[in-house]
Amino acid sequence: MRLLVLLWGCLVLPGYEALEGPKEISRFEGDTVSLRCTYREELRDHRKYWCRKGGLLFPRCSGTIYAGKEGQETTEGRVSIHDNRQELSLIVTLWNLTLQDAGKYWCGVEKRGPDESLLISLFVFPDVLEGDFHRLGTR
């Protein structure tokens, strides 16, 4: 019985997430954003990816980008992804943001059974003012 309680506690207590990173990110049009999703040691050799959340009733990935093998950076369009296995982190960079980039994204790790993933909301605000004075403190 004690073992069952201990296992249950490990599953629901904070700090035992397979992936950790920002939950929300806000930037202006034209900005660049870099984010880091960290993962547990046991996921080091698994395939990592970044994708946009799609689907209404059944969540799915669209525009999936996979990290390259052996730490190689992969770039598709305005997005790059790099799996830094020494630091146990997936680094994703999106540059020249547009309003259409706003949405929900997953940092993910493939594994047997359901993938491990972290849902991240990206907010992109219009760049309505001329000059950079309104951006102070946002980078």
Side-chain angles (χ1 to χ4, degrees):
M1 181 65 169
R2 287 184 196 179
L3 179 60
L4 181 61
V5 170
L6 180 61
L7 287 174
W8 181 82
C10 288
L11 293 174
V12 298
L13 291 176
Y16 290 95
E17 297 291 325
L19 286 167
E20 293 183 355
K23 303 285 190 253
E24 293 182 352
I25 298 173
S26 299
R27 293 292 187 274
F28 287 97
E29 278 182 286
D31 283 353
T32 295
V33 63
S34 263
L35 60 99
R36 179 181 305 260
C37 298
T38 57
Y39 52 85
R40 295 187 310 229
E41 172 71 32
E42 62 266 21
L43 299 173
R44 176 189 305 264
D45 297 324
H46 292 254
R47 192 173 187 197
K48 319 298 184 311
Y49 61 89
W50 171 259
C51 68
R52 187 173 190 133
K53 181 184 176 199
L56 296 175
L57 296 176
F58 301 101
R60 60 177 172 77
C61 273
S62 65
T64 304
I65 302 171
Y66 291 95
K69 297 195 184 292
E70 299 180 27
Q72 296 173 344
E73 185 174 304
T74 301
T75 301
E76 288 188 23
R78 297 176 293 108
V79 181
S80 69
I81 182 172
H82 173 247
D83 182 11
N84 185 332
R85 293 180 180 190
Q86 285 77 27
E87 294 183 12
L88 302 177
S89 61
L90 182 67
I91 299 142
V92 179
T93 303
L94 297 91
W95 59 90
N96 196 21
L97 290 172
T98 67
L99 295 176
Q100 292 73 31
D101 292 325
K104 295 183 184 286
Y105 294 84
W106 276 305
C107 270
V109 180
E110 288 183 344
K111 66 179 194 64
R112 286 188 188 202
D115 290 354
E116 297 289 353
S117 61
L118 173 68
L119 187 63
I120 299 170
S121 295
L122 174 62
F123 300 96
V124 180
F125 299 106
D127 190 7
V128 294
L129 299 177
E130 305 239 341
D132 284 337
F133 69 90
H134 69 285
R135 295 185 187 191
L136 294 176
T138 62
R139 293 189 181 156

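Scanning all heavy atoms of the two residues, the minimum distance from Ile120 to Trp50 falls at CD1-CZ3, 4.0 Å. Taking every heavy atom of both residues into account, Ser80 and Glu73 meet most closely at CB-OE2, 3.5 Å. Closest of all the heavy-atom pairs between Gly103 and Tyr105 is O-CD1, 3.7 Å. Among all heavy-atom pairs drawn from Val109 and Lys48, the shortest one is CG2-CD, 3.5 Å. Looking at every heavy atom in both residues, Leu90 comes nearest to Ala67 through CD1-CB, 4.1 Å. Closest approach of Phe28 to Pro126, counting heavy atoms only: CD2-O, 3.6 Å.
Side-chain contact between Leu35 and Ile91: absent, with no pair of heavy atoms (C-beta onward) separated by less than 4.5 Å. Inter-residue side-chain proximity for Thr38 and Leu88 is flagged as unmet; no heavy-atom pair is nearer than 4.5 Å. Using a 4.5 Å heavy-atom cutoff, the side chains of Glu20 and Leu118 are not in contact.
The ring pair (Phe, Tyr, Trp, His ring centres under 6.0 Å) analysis of residues 77-101, with sequence neighbours excluded, yields no pairs. The disulfide (SG to SG under 2.5 Å) analysis of residues 17-55, with sequence neighbours excluded, yields the pairs Cys37-Cys107, Cys51-Cys61.
With sequence neighbours excluded, the residues satisfying side chain to side chain contact (heavy atoms under 4.5 Å, CB included) with Asp115 are Tyr49, Glu110. Arg44 meets the side chain to side chain donor-acceptor pair (under 3.5 Å) test with Glu41; sequence neighbours excluded. For Tyr39, the ring-ring contact (aromatic ring centres under 6.0 Å, His included) test picks out no residue, with sequence neighbours left out. When the salt bridge (Lys or Arg N to Asp or Glu O under 4.0 Å) test is applied to Lys104, no partner is found at least two apart in sequence or on another chain. Partners of Thr75 according to the side chain to side chain donor-acceptor pair (under 3.5 Å) rule, which considers only residues two or more places apart in sequence or in another chain, do not exist here. For Ser34, the side chain to side chain donor-acceptor pair (under 3.5 Å) partners are Thr93, not counting sequence neighbours. Every residue two or more places apart in sequence or in another chain that forms a side chain to side chain donor-acceptor pair (under 3.5 Å) with Glu42 is listed here: Arg40. Remark: Glu87 engages Arg36, Asn84, Ser89 in a side chain to side chain contact (heavy atoms under 4.5 Å, CB included) (not counting sequence neighbours).
Under the 4.5 angstrom side-chain criterion for Ile, Leu, Val, Met, Phe, Trp and Tyr, the cluster partners of Leu57 are Phe58. Cluster partners of Leu119, using a side-chain heavy-atom cutoff of under 4.5 Å among ILVMFWY residues and allowing indirect links, are Trp106.
With hydrogens and angles ignored, the 3.5 Å screen pairs no side-chain donor or acceptor of Arg52 with any backbone N or O of Gly63.
Salt bridge annotation for Asp101-Arg27: absent, with no cationic side-chain nitrogen under 4.0 angstrom from a carboxylate oxygen. Remark: Asp83 does not engage Lys69 in a salt bridge, criterion side-chain N to carboxylate O under 4.0 Å.
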